[in-house]
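For reference, positions follow the sequence shown, starting with 1.
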Amino acid sequence: MTGPKQLSHTTLADGLLFGEAPRYKDGLLYISDMTGRTIYTIDTVSGEKKTLREVENQPNGMCFAPDGSLIWSSMFDAKLYRRDFATGKDTLYADMSHVMTGYCGDMAIDSTGRVYMGDTGARVLHGEQPRPGRLLSIETDGSVHVAEENIIFPNALFISNDGETLYCAETFGYGLLRWDVGAAGRLANRQKVWSPAAVSPTGQVGNTESHGLVGIDGGCMDAEGGMWLSLLGLEKFVRIDQQGFVTHEIKVNGHATACTFGGGDDGKTLYLVTNWVPEHESLFTAMVDKHTRCTVGYVQVDVGKGTASP
């Protein structure tokens, strides 16, 4: 029996402190440099990096809305903003501070413009220990609702090609969850569909004291329903099919943090965000002390982007 197909990647850009939430649009990769407190664009041909805007309270999750505008998050003060590219202006989109228990995490937008946002549940960059968070849903009028509770550090949010299933990883719960998406975006039928223990060399996933280094951070779905997942401390990106079998692997030097599709007519370019953490330093301490370094790469994959979000 042969193992997963091994793919090699190419470096596109570096010079960020801690990259997250890559999103592709019209030849540019948009990326949050969390601890660098900046949203950048990266030209996917030249690798040239430009500042889109600085974010005092740290950017994290972001997505393109159906109208083409960019919805981006401000972590520490729990706000969403909308970038209108016609005017170049940013306006407040939603204030989640009355609901948020941790930070703004990863996010996805459905075809109606509804935002699903991870609430990390703990302010881990301010010294709090990880604890259960939840998912929030934000309507286009800015109203905020709790969509699901008890998710241990939600991450890797994406919506299936048909729009009927929402996926979310529990970074410190060591699994990938899925829900059916019903009327008005309500979530039902929660299931755990995969665990990184399946690819851990020891078969173990550790605990929160190890800062979730075998956990899932980012993810996205291809046109065949295959899911690319970023496996932090395992230093690899893997593709799993709908049955949970690992079909492809990409090994990297650092924490596999996030990935997204884009580029070309076939959409078969997968962009990879890898964050290097010094040996013997914990992830969150290294982030706070700005000891991390981010590299953005890309790889050509067999199956390209479908209609999944983001």
Is [X] atom [atom1] crowded by more than 12 heavy atoms from other residues, nucleotides or ligands, each under 6.0 Å away?
| X | atom1 | result |
| --- | --- | --- |
| K25 | NZ | yes |
| Q242 | CD | yes |
| E56 | CD | no |
| R186 | CZ | no |
| K251 | NZ | no |

Derivation of the side-chain contact (heavy atoms from CB on, under 4.5 Å) call for V55 and T38: CA-CA 5 Å; V55 182; T38 304; over 6 Å; no
Hey, could you give me the [atom1]/[atom2] distance between [X] and [Y], rounded to the nearest 0.5 Å?
| X | Y | atom1 | atom2 | value |
| --- | --- | --- | --- | --- |
| C168 | L176 | SG | CG | 8.0 Å |
| L70 | R23 | CG | CZ | 9.5 Å |
| D302 | L270 | CG | CG | 11.5 Å |
| L232 | T171 | CG | OG1 | 6.5 Å |
| I216 | F237 | CD1 | CZ | 13.0 Å |
| S160 | D110 | OG | CG | 11.0 Å |

Ring centroid separation for [X] and [Y], is it under 6.0 angstrom?
| X | Y | value |
| --- | --- | --- |
| Y103 | F76 | yes |
| H126 | F284 | no |
| Y30 | Y24 | no |

Heavy-atom side-chain contact between [X] and [Y] under 4.5 Å:
| X | Y | result |
| --- | --- | --- |
| M62 | S32 | yes |
| T44 | L28 | no |
| H248 | V238 | no |
| Y40 | K50 | no |
| I109 | F64 | no |
| I151 | L177 | yes |
| M287 | L125 | yes |
| W194 | V199 | yes |

Looking only at side-chain N and O atoms, does N60 offer a donor or acceptor that is under 3.5 Å from a partner on W72? no
Any side-chain donor paired with an acceptor under 3.5 Å for N155 and D106? no
Only pairs under 3.5 Å count here: list side-chain donor-acceptor contacts from residues 9-21, not counting sequence neighbours, and write none if there are none.
none

Test log, rule side-chain contact (heavy atoms from CB on, under 4.5 Å), inputs E139 and V115: CA-CA 7 Å; E139 303 299 325; V115 173; over 6 Å; no
For residues [X] and [Y], report the shortest heavy-atom separation together with the two atoms involved.
| X | Y | answer |
| --- | --- | --- |
| L166 | L135 | CD2-CD1, 3.8 Å |
| P196 | L231 | CB-CD2, 4.3 Å |
| D119 | G102 | OD1-N, 2.8 Å |
| S69 | D67 | OG-OD1, 2.7 Å |
| A256 | S230 | O-CB, 3.3 Å |
| I240 | V246 | CG2-CG2, 3.8 Å |

Cluster link [X] to [Y], ILVMFWY, side chain under 4.5 Å:
| X | Y | result |
| --- | --- | --- |
| V252 | W228 | yes |
| I39 | I31 | no |
| F261 | I250 | yes |
| V273 | Y298 | yes |
| V99 | I138 | yes |

Check [Y] with [X], please: is the shortest side-chain N to carboxylate O separation under 4.0 Å?
| X | Y | answer |
| --- | --- | --- |
| K290 | E281 | no |
| E224 | R239 | yes |
| R123 | E128 | no |
| K89 | D84 | no |
| R37 | E54 | no |

Run C104 and M96 through side-chain contact (heavy atoms from CB on, under 4.5 Å) and show every step you take. CA-CA 9 Å; C104 299; M96 302 166 290; 3.6 Å; yes
Derivation and outcome, salt bridge (charged side-chain N to carboxylate O under 4.0 Å, His left out), residues D90 and R53: CA-CA 9 Å; D90 297 287; R53 69 157 297 129; 3.0 Å; yes
As a quick check of understanding, evaluate salt bridge (charged side-chain N to carboxylate O under 4.0 Å, His left out) for R178 and E170, giving each step before the final call. CA-CA 11 Å; R178 57 153 285 170; E170 288 189 293; over 6 Å; no
Hey, mind stepping through M34 and M75 against side-chain contact (heavy atoms from CB on, under 4.5 Å) and telling me if it holds? CA-CA 9 Å; M34 286 174 53; M75 284 178 63; 3.5 Å; yes
Might you work through the ring pair (Phe, Tyr, Trp, His ring centres under 6.0 Å) test for Y93 and Y81, ending with a clear yes or no? CA-CA 5 Å; Y93 189 77; Y81 291 87; 9.8 Å; no
Test log, rule salt bridge (charged side-chain N to carboxylate O under 4.0 Å, His left out), inputs R134 and E148: CA-CA 5 Å; R134 62 262 189 91; E148 182 64 286; over 6 Å; no
Sidechain-backbone polar pair: [X] side chain, [Y] backbone, donor-acceptor under 3.5 Å:
| X | Y | result |
| --- | --- | --- |
| S73 | G61 | yes |
| S97 | D95 | no |
| D141 | S143 | yes |

